[in-house]
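For reference, the structure is listed below as structure tokens.
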Amino acid sequence: MSKFVPSLQSLVGAEQLSVWETVAPALKAQLSQAIAPGGIPECIVEPDSPAQLAAVVKALNAQKGRSLPFGTGTKLHWGGVSDSIQVGISTARMNQLIDHAAGDLTVTAQAGMRLADLQAHLARQNQFLPLNPSYGDAATLGGIIATADSGSLRHRYGGVRDLLIGVTLVRADGEIARAGGRVVKNVAGYDLMKLFTGSWGTLGILTEVTFRVYPLPEASKTLVLAGEREAIARVTQALLSSALAPVAVELVAPVAMQHLGHAGLGLVVQFQGLAVSLDAQATQFRQFAQAAALVESTYTDAAEASLWQTLQALWETAPSLTCKIGVLPNQAAATLEKIADQFPSLSYGTIHAGSGLGLLRFADPPSTSHLLDLRRLCEAQGGFLSLLAAPVDLKQQIDGWGYPGNALGLMRGIKQQFDPDRLLSPGRFVGGI
């Protein structure tokens with residue numbers, strides 16, 4: 001007997017609620033990666049407005065119903081596994097552009113809007129949002145914020161939280177709250193933007209978001225080096241210590257470089273801006289390469305787009321296991337080489353050279369003991385290893401987040417304040433939050 005369907009049916013249209021038996025197979029498969037076995041939800045509900053979403057959440061709160069919020073579901077296979085989810089809540093119907101203040105370089109949209117659709121609108125005004133997350137063609141703005149998925153452009157523009165300047169959200173009790181605003185120089189209220197970025201839907205459900213945007217660059221080119229680790233590391237440090245201003249600096253594992261037609265550890269550097277500036281920066285970067293006896297390849301236009309698309313496709317191919325890591329930036333090249341040597345099943349690996357944050361993909365899951373060895377390697381540098389995608393049974397065997405810090409008590413306290421009954425995405429985040 002359905003417990004939640006009757007009350008939810010009175011709040012949304014018939015086409016906005018699907019009982020589990022009628023949910024599309026693709027979405028069922030995605031949800032199965034986020035929910036513990038035996039925790040099949042009764043239904044999926046798709047509110048089409050913030051007011052409707054608030055009413056749904058309030059009704060669930062009254063019945064202590066546990067929900068799993070998501071956008072299009074592209075990253076449901078990431079993160080922790082929730083227990084006993086009773087209702088899935090999709091924000092995909094809340095996908096409208098609210099306001100684009102082109103002169104102020106800000107844009108406001110509903111959280112269910114796809115990034116690709118927002119970029120298409122911004123491009124008509126010669127602007128863009130400098131994020132290139134995973135599954136960017138389908139990912140929603142709310143999902144990108146919830147997972148803090150920035151992509152390689154974070155080297156120049158910062159992460160999601162650096163671009164986000166305002167949010168509206170529905171709390172676990174169904175009340176609507178706001179923080180920030182629609183202007184860049186805004187100090188109103190608490191800085192909930194940073195708190196909600198990377199919170200994995202455990203504190204509230206975003207309904208409306210405001211970002212700062214940037215003018216589209218006049219020109220772009222990507223320079224690629226490949227070779228021995230010592231030479232790549234020297235060029236990387238020379239680049240990061242210089243006055244050059246690349247938008248992306250990626251260290252790439254040899255196995256991924258093979259797909260780009262290169263052998264050895266790779267350094268992929270993208271410059272964007274005025275054409276004359278790009279030429280000058282490329283010339284200086286080539287001098288670094290020549291000093292290290294490395295040959296540089298330059299990509300522009302369609303060839304450049306194809307290169308980045310190839311790297312993205314390698315990462316997004318259905319994996320057996322994927323991880324996010326953090327290491328010391330000055331040890332990034334050595335760490336990536338060590339991982340490639342020790343794990344033959346590595347099929348993709350990159351580390352943002354400036355931040356030390358990286359992504360790993362394995363064709364076959366390493367054994368639990370080897371995976372923990374890899375985590376210890378990262379932690380020895382003050383870093384971390386977190387599981388993104390992995391078999392559900394593996395995520396239930398080991399702590400997928402592996403958080404070694406001392407802020408877990410504070411994080412649990414925040415969860416208690418925002419969601420005391422653990423009704424939103426229980427178990428998805430660090431420490432079972």
Side-chain angles (χ1 to χ4, degrees), residues 48-51 53-54 69 71-72 91-171 176-199 201 203-220 245 247-248 270 272-274:
D48 61 9
S49 70
L53 173 61
T72 55
T91 61
R93 290 178 182 263
M94 295 165 44
N95 56 14
Q96 300 301 303
L97 180 73
I98 304 299
D99 178 58
H100 179 201
D104 293 332
L105 294 173
T106 64
V107 66
T108 301
Q110 289 183 323
M113 188 175 197
R114 297 189 312 159
L115 175 64
D117 295 333
L118 178 62
Q119 298 288 34
H121 167 81
L122 293 173
R124 291 193 286 272
Q125 299 293 324
N126 202 37
Q127 294 178 353
F128 80 121
L129 177 60
L131 295 172
N132 52 350
S134 304
Y135 315 103
D137 289 342
T140 62
L141 301 177
I144 292 167
I145 294 167
T147 56
D149 188 18
S150 304
S152 60
L153 293 178
R154 67 176 298 136
H155 183 85
R156 161 63 178 85
Y157 298 98
V160 173
R161 67 185 60 200
D162 301 300
L163 299 168
L164 189 62
I165 59 176
V167 295
T168 302
L169 58 105
V170 173
R171 302 185 325 202
I176 294 176
R178 295 176 177 83
R182 296 187 181 181
V183 295
V184 174
K185 293 183 178 180
N186 180 76
V187 294
Y190 296 105
D191 193 358
L192 292 184
M193 287 77 72
K194 289 184 173 58
L195 189 62
F196 272 75
T197 301
S199 62
L203 300 179
I205 305 176
L206 296 173
T207 63
E208 187 177 296
V209 298
T210 299
F211 287 101
R212 69 176 73 198
V213 297
Y214 287 79
L216 277 170
E218 175 186 296
S220 178
V247 298
Q270 186 174 40
Q272 292 182 336
L274 299 175

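Remember, predicted model here, so these are calculated numbers, not experimental data.
Applying the salt bridge (charged side-chain N to carboxylate O under 4.0 Å, His left out) criterion to Arg114, with sequence neighbours excluded, gives Asp117. Taking Leu274 as the reference, Glu218, Val276, Ser277 meet the side-chain contact (heavy atoms from CB on, under 4.5 Å) condition, with sequence neighbours excluded. Not a single side-chain contact (heavy atoms from CB on, under 4.5 Å) links Ala116 to another residue, sequence neighbours left out. When the side chain to side chain donor-acceptor pair (under 3.5 Å) test is applied to Asn132, the partners found at least two apart in sequence or on another chain are Ser152.
Listed by first and then second residue, the salt bridge (Lys or Arg N to Asp or Glu O under 4.0 Å) pairs that reach into residues 127-149 are Lys75-Asp149, sequence neighbours excluded. Sequence neighbours left out, the pairs with a member in residues 140-160 that pass ring-ring contact (aromatic ring centres under 6.0 Å, His included) are Phe128-Tyr157, Tyr157-Tyr214.
Here the closest heavy-atom approach between residue Leu206 and residue Ala111 is recorded as O-CB, 3.3 Å. When all heavy atoms of Gly201 and Pro69 are compared, the closest pair comes out as O-CG, 3.8 Å. The minimum heavy-atom distance linking Ala148 with Thr197 is given by the pair CB-CG2, 3.8 Å. Nearest heavy atoms, Gln119 versus Leu129: NE2-O, 2.7 Å. Closest of all the heavy-atom pairs between Ala139 and Ser134 is CB-O, 3.9 Å. In plain terms, the two heavy atoms of Thr72 and Ala92 that are nearest each other are CG2-CB, 4.5 Å.
Atom CZ in Arg212 sits 8.0 Å away from atom CG in Asp162 (nearest 0.5 Å). Separating the CD1 atom in Ile205 from the CZ atom in Arg171 is a distance of 13.0 Å, to the nearest 0.5 Å. Atoms CE and CG, on Met193 and Leu163 in that order, are 12.0 Å from each other to the nearest 0.5 Å. Between the OG1 atom of Thr210 and the CG atom of Leu164 there is a distance of 7.5 Å, given to the nearest 0.5 Å. To the nearest 0.5 Å, the span separating CZ on Arg161 from CD1 on Ile145 amounts to 11.5 Å.
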*asked:* The test is side chain to side chain contact (heavy atoms under 4.5 Å, CB included); show your working for Met113 and Leu141 and say whether it passes.
replied: CA-CA 6 Å; Met113 188 175 197; Leu141 301 177; 4.2 Å; yes
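A side chain to side chain contact (heavy atoms under 4.5 Å, CB included) with Thr207 is found for exactly one of Val167, Leu53, Ile176, Thr91, namely Leu53. Phe211 pairs with exactly one of Thr106, Thr108, Val107 by the side chain to side chain contact (heavy atoms under 4.5 Å, CB included) rule, that one being Val107. Screening Gln127, Arg124, Gln125 for a side-chain hydrogen bond (donor to acceptor under 3.5 Å, both in side chains) involving His100 leaves a single residue, Gln127.
Counting heavy atoms from C-beta on, the side chains of Pro50 and Thr168 never come closer than 4.5 Å. Between Val247 and Gln270 the shortest side-chain heavy-atom distance falls below 4.5 Å.
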